[in-house]
Structure formats: C-alpha cells, structure tokens
Protein chains: 2
Amino acid sequence: MLTISMLVNEPALAALEENSVKDNNDMPGHLARRFQQIAVAVFLAEVADAGFDLTPVQYAALATIKANPGLDQVTLAGLIAYDRTTITGVIDRLVQKGLAERRASSRDRRARELEITDEGRRTLRKITPAVESAQRIMLGGLSAKEGEELMRLLRKAIAAGNELSRAPLRDVQV
Amino acid sequence: MLTISMLVNEPALAALEENSVKDNNDMPGHLARRFQQIAVAVFLAEVADAGFDLTPVQYAALATIKANPGLDQVTLAGLIAYDRTTITGVIDRLVQKGLAERRASSRDRRARELEITDEGRRTLRKITPAVESAQRIMLGGLSAKEGEELMRLLRKAIAAGNELSRAPLRDVQV
DNA sequence: GGATATTGCTCAGTATGCTGACTATCAGTA
DNA sequence: TACTGATAGTCAGCATACTGAGCAATATCC
C-alpha cells in the first residue's frame with residue numbers, strides 16, 4: 001500500500017497527523033454520541049425492568065403533555081427541542097399505546113391539541129422511579145460533584161449552541 | 001380534569017413532584033440527547049460548507065479504516081463503539097461513494113477486510129479543517145478550561161458505562 | 001473427527017432525527 | 001376583500017441505532 005507517509009519524512013508527518021486528526025475517540029462530537037448512546041441504553045433497560053415499553057423521547061413528550069395540557073405539537077416540539085417532523089411519529093405511537101390523545105383545536109383548525117390519558121398518567125407515575133434510576137446510572141462513574149459539574153457544562157454548551165440545530169429549545173409562549 | 005393532586009394536600013404534592021420528576025430538560029439523559037443533536041448539526045453544517053457530504057458516523061469509520069488498514073467490520077465497530085448491524089449500512093455508503101473498499105478476507109471467509117481508497121484519503125485530508133472547526137464550535141459556549149473539563153467528565157462517565165450499551169468500545173486486539 | 005459453541009455478517013423491523021416539499025389554514029396588509 | 005406571507009401538520013426519503021433472527025464459517029471440546 002502506497003501512502004502519503006512514504007513520500008515525506010516520517011517524523012514530520014507523524015507530528016502533523018497527531019496535531020490534526022488526533023484520536024477520533026477524543027473528539028467532543030464522538031463523546032457526545034457515545035454518552036447519548038449509553039444514556040438511551042440505560043433508560044430503555046431500566047424502563048423495561050420496570051415492565052414498561054417507552055423510549056426516552058416518548059417519555060419526555062408524555063411528561064411535557066402532562067405538564068402543559070392542551071398544548072399543540074409545535075409548542076411541544078419547542079419545549080423539548082424535537083424537530084416538528086419527528087413529533088408526528090412520536091405522538092402517533094403515544095396515541096396508539098393509549099397514553100395520549102390528539103384532538104383538532106377549535107381555535108386554530110391547523111393545530112392539534114394534545115392531552116394525556118388516565119392510562120398515560122398512570123404510566124408516568126409508575127415509571128418515574130425507573131427514569132430516575134436511569135439518570136443516576138448514566139452518571140454512575142462520577143462523584144455527585146462531578147455529575148453536577150457535567151450537567152452544568154452541558155447546559156452551558158447547549159445554551160450557546162441552541163440555535164444551531166433545526167430543533168432549538170423554545171421558551172413557553174404564554 | 002381530575003388529577004391526583006386534587007386528592008391530596010397541594011403543597012405536599014407540589015414538593016413531591018418537584019423532587020421526583022423535576023424539569024425534564026434538566027435530566028442528564030435530555031442534556032445528552034440535546035448536546036449530541038447540536039454536535040451532529042454543527043458537524044454536518046461545517047462539512048457541507050467545505051463542500052463535502054459526509055456524516056459524523058461515516059467520518060469516524062473512514063478515519064478509523066485509514067488508521068487500521070485491512071481491519072474487519074467487527075473490529076471497526078469495536079474501535080468506534082458502533083453496533084455491528086449499523087456498520088453494514090455505513091460501509092455500504094462509504095463504498096458507494098468510492099471512499100472505501102470491502103474485500104473478502106482470505107484468512108477468515110466470514111470476514112470482510114476494509115481499505116480506504118485514494119479518493120477516501122483525499123476526502124479525509126480536505127475535510128479535516130471542517131471537522132476540527134465543528135469540534136470548536138460545539139464547545140463554543142465554554143472556556144478552554146471548561147471544554148477540557150467537559151471532555152474529561154464525559155470520558156469518565158462513558159468509561160464507567162461502556163458495557164451498558166449494545167455497542168461498547170473495544171480495545172484493539174493486535 | 002464430529003458435535004457444539006462461537007463468531008462475522010446480513011437482514012427485517014422499529015424508532016429517532018433530519019431535509020425538503022406540500023396542504024390547509026391563519027394573519028396582516030393593500 | 002384579495003393578496004401575501006407565515007404557520008401547523010404531514011409525508012417521502014435518507015441515515016443512524018437498536019432487537020432479534022438467520023446463514024456461513026471458524027473454534028473448541030469430547
């Protein structure tokens with residue numbers, strides 16, 4: 001195999017590559033992906049252990065509907081930073097599971113008003129310990145102080161980058 | 001709407017809910033998802049600005065193939081913590097773009113040996129500034145010291161949770 | 001050597017997430 | 001009121017990620 005490294009002097013190239021690409025596993029983007037990957041796996045495992053079948057995304061949507069009864073899909077999306085095209089499918093599944101309801105709005109015939117069902121409320125209540133346990137587990141390698149610091153730094157980085165994704169977090173517009 | 005809160009005394013319940021569910025947006029799992037969401041958006045935007053069409057996952061795979069010529073798919077998956085079923089599609093697309101090659105292994109007829117093409121090498125080289133710029137942007141809200149600390153804490157949390165996802169990071173088995 | 005277990009890869013199915021396009025509706029304005 | 005622009009939601013299409021199943025080949029153990 002002929003590589004560029006054969007055409008230049010070795011130490012110079014090694015140094016250059018060391019500086020430029022580094023280890024892929026040490027880049028913030030990779031760490032973000034990996035932490036999220038573990039977080040989702042832990043969430044699903046804890047929730048499944050508790051006897052439920054709910055994804056992190058579905059949980060967040062359901063909890064937000066409960067806290068803001070009658071909200072529309074775009075508002076929900078803004079409150080938890082989902083893309084509006086993703087919300088459609090998530091709500092479909094919550095409705096199909098009988099945990100939420102989607103009704104046409106009378107104020108605005110374009111909009112759908114979302115409500116949690118009794119079954120949804122029951123599920124949220126029973127699932128809460130598993131959700132909290134999952135949050136603890138995903139910070140399990142850190143001391144309490146480190147966990148707090150990680151969350152503070154994530155919040156700060158996220159706040160600065162909020163507008164950079166297609167689905168930024170939006171304040172409630174009461 | 002009849003809720004549990006109507007059946008118990010209000011302050012007690014408010015405190016309980018405050019303690020139990022908190023704001024969904026403040027949970028580690030949500031922060032993980034959000035940070036990753038921004039990281040991917042920034043990566044894609046920077047790379048597109050540079051005139052390329054490569055996802056974070058494809059980039060990581062290509063860079064790892066370059067650093068470990070001839071490796072098989074399972075080893076690649078382990079090196080960057082992908083699920084082996086995900087790798088199949090990622091390699092498909094790298095091959096289809098002409099950036100990598102997949103050859104049957106002579107040692108083990110089950111395995112496929114992966115190689116980067118000249119075109120792949122050229123792409124990696126030209127794309128590197130955009131990738132690095134993306135890493136800077138996603139930490140843009142943090143000081144240099146905070147960025148370092150965030151990465152340290154992420155590495156630590158990830159190391160502790162490595163085995164909890166279906167696709168843990170695996171050391172090179174040379 | 002032969003049964004058994006393991007491994008490398010793929011595939012079908014499901015659930016995020018995104019881009020871009022489209023419909024229906026609403027809001028503001030000339 | 002008619003026009004224009006913005007907004008709510010959906011859809012098609014693509015790319016991760018995962019579960020679970022299956023096939024082919026290799027390793028291991030008796």
Side-chain angles (χ1 to χ4, degrees), chain A residues 29-30 32-34 36-45 48 53-61 71-78 80-94 96-97 102-114 164-168 170 173, chain B residues 29-30 32-34 36-45 48 53-61 71-78 80-94 96-97 102-114 164-168 170 173:
Chain A
H30 174 82
R33 175 184 156 283
R34 190 81 187 93
Q36 149 79 354
Q37 184 182 39
I38 292 169
V40 171
V42 167
F43 184 100
L44 292 175
D53 171 32
L54 213 64
T55 67
V57 164
Q58 289 165 15
Y59 170 81
L71 86 173
D72 64 297
Q73 295 186 189
V74 166
T75 303
L76 170 58
I80 46 187
Y82 291 13
D83 192 278
R84 70 185 193 287
T85 63
T86 303
I87 282 284
T88 299
V90 174
I91 302 297
D92 280 351
R93 287 177 281 275
L94 286 178
Q96 204 233 317
K97 288 178 181 175
R102 180 198 254 142
R103 286 197 304 260
S105 166
S106 49
R107 300 174 290 94
D108 183 339
R109 283 188 299 168
R110 293 169 302 180
R112 312 303 172 87
E113 288 175 359
L114 304 173
L164 300 181
S165 80
R166 170 160 145 167
R170 297 294 182 207
Q173 57 278 37
Chain B
H30 175 82
R33 175 184 156 281
R34 191 79 187 95
Q36 149 80 352
Q37 183 181 41
I38 291 169
V40 171
V42 167
F43 184 101
L44 291 176
D53 171 34
L54 211 65
T55 67
V57 165
Q58 289 165 14
Y59 170 81
L71 85 174
D72 64 298
Q73 295 186 190
V74 166
T75 304
L76 171 58
I80 46 187
Y82 290 13
D83 193 277
R84 71 186 190 286
T85 62
T86 303
I87 282 284
T88 299
V90 174
I91 302 297
D92 280 350
R93 287 177 280 277
L94 286 178
Q96 205 233 318
K97 289 177 182 177
R102 181 198 255 141
R103 285 197 303 261
S105 166
S106 48
R107 300 174 288 97
D108 185 337
R109 281 189 299 170
R110 292 168 303 181
R112 312 303 171 87
E113 289 175 358
L114 304 173
L164 301 180
S165 79
R166 169 160 146 167
R170 296 294 180 208
Q173 59 278 39

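The shown structure was predicted, so the numbers you read here are calculated from the model rather than taken from an experiment. Chain letters run A, B, ... following the sequence lines, proteins first, then strands; residues in each count from 1.
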J.: Please tell me if B/Arg109 has a side-chain N or O lying less than 4.0 Å from either OP1 or OP2 of D/dA24.
T.: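 For D/dA24, neither OP1 nor OP2 has a side-chain N or O of B/Arg109 closer than 4.0 Å.
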J.: Under 4.0 Å from OP1 or OP2 of C/dC18: is there any side-chain N or O of B/Gln37 that close?
T.: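 Checking B/Gln37 against C/dC18: at least one side-chain N or O falls below 4.0 Å of OP1 or OP2.
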J.: For the pair made of CD1 in A/Ile87 and C1' in C/dA15, what is the distance, rounded to whole Å?
T.: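 Interatomic distance, CD1 of A/Ile87 to C1' of C/dA15: 13 Å.
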J.: Between B/Tyr82 and B/Val90, is there a donor-acceptor pair closer than 3.5 Å when you use the side chain of the first and the backbone of the second?
T.: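 The answer is no, because no donor-acceptor pair under 3.5 Å joins these two groups.
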J.: Tell me the interatomic distance from A/Leu54, atom CG, to C/dA15, atom C1', rounded to whole angstroms.
T.: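 Interatomic distance, CG of A/Leu54 to C1' of C/dA15: 12 Å.
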J.: In whole Å, I'd like the distance from the CZ atom of B/Arg112 to the P atom of C/dT10.
T.: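 Those two atoms, CZ and P, are 5 Å apart.
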J.: Could you state the atom-to-atom distance from CG of A/Asp92 to C1' of D/dG9 in whole Å?
T.: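 From A/Asp92 CG to D/dG9 C1': 11 Å.
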J.: Whole Å only: how far is the CG atom of A/Asp72 from the P atom of D/dT10?
T.: 11 Å
J.: Between A/Arg107 and A/Gln36, just flag the one whose closest nucleotide in DNA chain C comes earlier from the 5' side.
T.: A/Gln36
J.: Using only side-chain N and O atoms of B/Arg93, determine if any of them is under 4.0 Å from OP1 or OP2 of D/dC14.
T.: no
J.: May I ask you to say what A/Thr55 touches in the nucleic acid, namely base, sugar-phosphate or nothing, with a heavy-atom cut-off under 4.0 Å?
T.: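 The answer is sugar-phosphate, as A/Thr55 gets under 4.0 Å only of primed atoms, P, OP1 or OP2.
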J.: Find the distance between CG (B/Leu54) and CZ (B/Arg93) and round it off to the nearest 0.5 Å.
T.: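 That separation rounds to 11.0 Å.
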J.: Of the listed nucleotides (C/dA15, C/dT10, D/dA8), which one gets closest to any side-chain atom of B/Arg84?
T.: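 Output: C/dT10.
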J.: Quick one: is A/Thr88 getting a side-chain N or O under 4.0 Å of the D/dT10 phosphate, OP1 or OP2?
T.: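 Yes.
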J.: Counting only N and O atoms by type, is there a donor-acceptor contact under 3.5 Å from the side chain of A/Tyr59 to the main-chain atoms of A/Phe43?
T.: no
J.: Decide yes or no, distance alone: a donor-acceptor N/O pair under 3.5 angstrom between the base of C/dT7 and the side-chain of B/Arg110.
T.: yes
J.: Counting only side-chain N and O atoms of B/Arg166, is one of them less than 4.0 Å from OP1 or OP2 of D/dT19?
T.: yes
J.: CG of A/Leu44 versus C1' of C/dT14: gap in Å, rounded?
T.: 12 Å
J.: Over all heavy atoms of both residues, which pair between B/Ala81 and A/Arg33 is shortest? Give the atoms and the distance, please.
T.: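 Scanning both residues, the minimum pair turns out to be O-NH2, 2.9 Å.
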J.: Under 4.0 Å between a side-chain N/O of B/Arg102 and OP1 or OP2 of C/dT10, yes or no?
T.: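 Answer is yes, contact under 4.0 Å.
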J.: Hey, is the side chain of A/Gln73 poking within less than 4.0 Å of OP1 or OP2 on D/dT7, counting only N and O atoms?
T.: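 No, because none of the side-chain N or O atoms of A/Gln73 sits under 4.0 Å from OP1 or OP2 of D/dT7.
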J.: Does OP1 or OP2 of C/dG17 have a side-chain N or O of A/Ser165 closer than 4.0 Å?
T.: no
J.: Whole angstroms only, please: what is the CG-P distance between A/Leu76 and D/dT7?
T.: 18 Å
J.: Round to a whole Å and report the spacing from OH of B/Tyr59 to C1' of D/dT16.
T.: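 So the OH-C1' distance, B/Tyr59 to D/dT16, works out to 18 Å.
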J.: Do A/Gln37 and A/Arg34 get their side chains close enough for a donor-acceptor pair, meaning under 3.5 Å?
T.: yes
J.: Which residue lies toward the 5' end of DNA chain D, B/Ala167 or A/Asp108, if each is placed at its nearest nucleotide?
T.: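 Counting from the 5' end, the first nearest nucleotide belongs to A/Asp108.
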J.: Ignoring backbone atoms, test whether A/Arg33 places a side-chain nitrogen or oxygen under 4.0 Å from the OP1 or OP2 oxygen of D/dA17.
T.: yes
J.: Cut-off 3.5 Å, side chains only: do A/Asp72 and A/Thr75 have a donor facing an acceptor?
T.: yes
